[in-house]
Each structure stands twice: as C-alpha cells, then as structure tokens.
Amino acid sequence: MDWIKKIVLVLAVIISAFEMSGQTAPDSIAICLPGEPAEALEPESTNTSRLLTLEEIAVATDTVIANYDSDWNELAMQGKLNFDGLPMAVNVKIYMKRGESIILSARAPFFGEVARVEVSQDSIVLINKHSRTYNVQSFAGLNVDSKAYLSDLQDVMLGQVAFPGHGRLTSELASLSQWLALPTGENLIYPSSELQLTDTEYGFVMDSMWQLQSFLLMLKKSGVVIETKYQYADNGWTLGIEISLPKKKLKGEAQLSYPEYNPTPLEFTDLGPKYRKVDFKELMRF
C-alpha cells in the first residue's frame, strides 16, 4: 500500500534529520537533492543583533546546564505523527536506550504496526512491516565515538543543547561558540568550525529563558536546511520538522507525551527469513 511506504519514508526523514548532522546525507535517502548551495546559518538581521558578553554567556551556560536530565538510561514517548503527504495521522512510539539505540514505531488504525526505523551505533534500518522488506544504511563513515555521538543526537531530539560528536554544552564548549542576542528576543548559539562536522553547519536558537526553541542544520553540498522545533505544554510536547529542499519544503510534527523512564523496551526486529533486504528504491517503490 502506497501510504504505508510514505510512513516509512516519513520516519526515515525524521531520524535522518538528526543522523545527517554528522555526515553527508546518503544519496539513497533522497533528501539531498541537487541544488545551489544555501547561505550560511546566520541571524536574518545581523545589523541589530549583538554579541553576548562573557558574563552573559556564563549565566546562560549555567542555566542550560541546570536544565539537563542526565540520569536516564531508557525512555519512551508516544503520540501522533502528522506529515506532508500522509493521508492520515498515525500513532508513533519512540524508544531510546542512551547511547545505544533509537526505535521509531508507527501504527495505523486497523493495520497495527506498519513501519519502523531502528537506529543502532553503526546503522539505520528502515522496515516496511506490510511488505516485510527492509533497507540498511551504514554509519561507517562517521569519524566519531559512535556511542557518544548517538547520545548527543538523542539529547538534541529531546530538546537539549548538545554538539554532535562533542557532548552537551559545557563552559569549554561555550567558549568555542558564538553567542548572539537576536532582535526577536531569541538567542543564537553558533558553534565554531572545530565543532562543526564535515559538510554540515548547525546552530541552536534559544528562547529568552534559555530553553531550546529550534535546532538548525544545513547540508552544505546540497543546500538542504533542516529545522527541528520544540514546543512544550503541560500535558506533552511537540517536535516539529521542516526540511527546505532546493525547490520545496516538507513539514510535519509529532505530538508526544513527556518521556516515560525505564519503560517496557522495544526490541529490534528479528530480520530473519520472513523479511527481504532490498535497496532503498525498491523499499519505497510506489
């Protein structure tokens, strides 16, 4: 069914939005389309932006660090996923084991579980449960500690300030970043070149209370810009994804519960004889 394949693609897009912060996007994911290079990530109106003072940066860094949740080992969240191209909202569950795995499971009314994305330290597996096919994308090209790198990406997914491959914000990492107060009342943390990874450029937009408002990532070779947005409420939070391709934009959001810690874990799918390994084009063939 075509719409199930679209769900697989959407889950792949969401995870790839984070995973690609450490590498050039795989051509088979079909997110990096040919196009003119985009401009560097900078505030829209640099004329009225200002650099924060060292004292302001120190206070902001302490505020961000004080909000970290560093004790979790396993967590799960569930909710609804809406995305451009999907004919309906689907139920999603996200399970994470710190530094080891991320599993996204999608369920549709009357069909049960229809798709999964399973991320380990060395690969991402896209699974179409309906057709019993799967595709594997390797992370072999990442020149970082895979466990630490995955932990950083989990932090970003959860709305924390973490520099992929370098860890959460510290006073030392703060000194290697540019801090700008924007005319909108927001603040931009822009990591130096030594914290940026190959062919990518990223930054953090913080609100006036130093809570992460959005994470911006640009793939320099293709000009693709990915923005994840965070909105918090009393009964849950919303993770928004916007992908700006050279000729169009893709938008969607997941309305999620707040994390449940030490939940019943999701296990990796047993990709035995019942499943067939295919290339990405066949997995997504409509």
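Below, each value reflects all heavy atoms present in this structure, side chains not excepted, and no hydrogens, waters or symmetry copies.
- For the pair R168 and Y68, the cation sits on the ring face: its NZ or CZ lies under 6.0 Å from the ring centre, inside 45° of the axis.
- Put simply, the side chain of L212 does not reach to within 4.5 Å of the side chain of Q160, judged on heavy atoms.
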| request: Report the C-alpha distance between F163 and S177 in whole Å, list the side-chain angles of each, state the deciding distance to 0.1 Å, and finish with yes or no for side-chain contact (heavy atoms from CB on, under 4.5 Å). | output: CA-CA 10 Å; F163 303 81; S177 301; 3.7 Å; yes
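- A distance of 4.5 Å separates CG in N128 from OG1 in T133, rounded to the nearest 0.5 Å.
- Remark: D122 does not engage K147 in a salt bridge, criterion side-chain N to carboxylate O under 4.0 Å.
- For the pair Y202 and P191, the tightest heavy-atom approach, listed with the atom from each and the gap, is O-CD, 3.1 Å.
- Defined by atom type and a distance below 3.5 Å, a donor-acceptor pair is missing between the side-chain atoms of E194 and Q196.
- Rounding to the nearest 0.5 angstrom, the gap separating the CH2 atom in W179 from the OG atom in S49 is 15.5 Å.
- Side-chain N/O atoms of Q137 and N135 include a donor and acceptor closer than 3.5 Å.
- S192 places a side-chain N or O within donor-acceptor distance of the main-chain N or O of L176, the cut-off being under 3.5 Å.
- Taking 4.0 Å as the cut-off between side-chain N and carboxylate O, K221 and D199 count as a salt-bridged pair.
- For an aromatic pair to be called close, the ring centres must be under 6.0 Å apart, and F268 with Y95 fails this.
- Contact of the L195 side chain with the S193 side chain is not registered, since no non-hydrogen atoms from C-beta on lie closer than 4.5 Å.
- The two residues V156 and A162 have their closest heavy-atom pair at CG2-O, 3.5 Å.
- Electrostatic pairing of E227 and K251 does not count as a salt bridge here, judged by no charged N lying under 4.0 Å from a carboxylate O.
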| Derivation of the side-chain contact (heavy atoms from CB on, under 4.5 Å) call for T269 and R116 | CA-CA 9 Å; T269 303; R116 272 199 183 199; 3.7 Å; yes
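- With D207 contributing its side chain and Q211 its backbone, the two residues share a donor-acceptor pair below 3.5 Å.
- Between the side chains of Q121 and E100, no donor-acceptor pair of N or O atoms lies under 3.5 Å.
- A single hydrophobic cluster is seen to contain both L158 and F215, as judged by linkage of ILVMFWY side chains at heavy-atom distances under 4.5 Å, directly or through other members.
- A heavy-atom distance below 4.5 Å is found between the side chains of M206 and V161.
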| task | Under the side-chain contact (heavy atoms from CB on, under 4.5 Å) rule, what do E201 and L219 come out as? Steps first, then yes or no, please. | result | CA-CA 7 Å; E201 193 169 358; L219 305 175; over 6 Å; no
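- For the pair Y275/D270, no side-chain contact is recorded, criterion being any heavy-atom separation below 4.5 Å from C-beta on.
- No hydrogens or angles considered: a donor-acceptor pair under 3.5 Å links the side chains of E186 and T184.
- Note on L126 and I102: same hydrophobic cluster, where clusters join Ile, Leu, Val, Met, Phe, Trp and Tyr whose side-chain heavy atoms are under 4.5 Å apart, directly or indirectly.
- Side chain to side chain, T238 and E253 fail the donor-acceptor criterion of an N or O pair below 3.5 Å.
- Nearest heavy atoms, V125 versus V136: CG2-CG2, 4.1 Å.
- Considering every non-hydrogen atom in both Q154 and S101, the closest pair reads NE2-O, 3.0 Å.
- If you chain together hydrophobic residues whose side chains sit under 4.5 Å apart, L150 and M77 fall into the same group.
- For the atom pair N91 CG and L81 CG, the distance stands at 9.5 Å (nearest 0.5 Å).
- A side-chain donor-acceptor contact under 3.5 Å links Y230 and T228.
- Note: the hydrophobic cluster containing L51 does not contain L54 (ILVMFWY, side chain heavy atoms under 4.5 Å, direct or indirect links).
- Between the side chain of S222 and the backbone N or O of V224 there is at least one donor-acceptor pair closer than 3.5 Å.
- Using a 4.5 Å heavy-atom cutoff, the side chains of L169 and T61 are in contact.
- Between E118 and Y134, the side chains place no donor N or O within less than 3.5 Å of an acceptor N or O (distance only, hydrogens not considered).
- The heavy-atom pair separating F83 from I241 by the smallest distance is CE1-CB, 4.1 Å.
- In terms of heavy atoms, S208 sits closest to N187 at CA-ND2, 4.3 Å.
- The local environment of CD in E56 is crowded, with over 12 non-hydrogen atoms from other residues, nucleotides or ligands closer than 6.0 Å.
- Residues E74 and Y261 form no side-chain contact, since every pair of their non-hydrogen atoms from C-beta on lies 4.5 Å or further apart.
- Residues Q255 and W237 fail the side-chain proximity criterion, which asks for heavy atoms closer than 4.5 Å.
- L180 and V59 are assigned to two separate hydrophobic clusters, defined by single-linkage of ILVMFWY side chains at heavy-atom distances under 4.5 Å.
- Taking 4.5 Å as the limit, every side-chain heavy atom of Q178 sits out of range of all side-chain heavy atoms of L52.
- Side-chain N or O atoms of D152 include one that pairs as donor or acceptor with a backbone N or O of G165 at under 3.5 Å.
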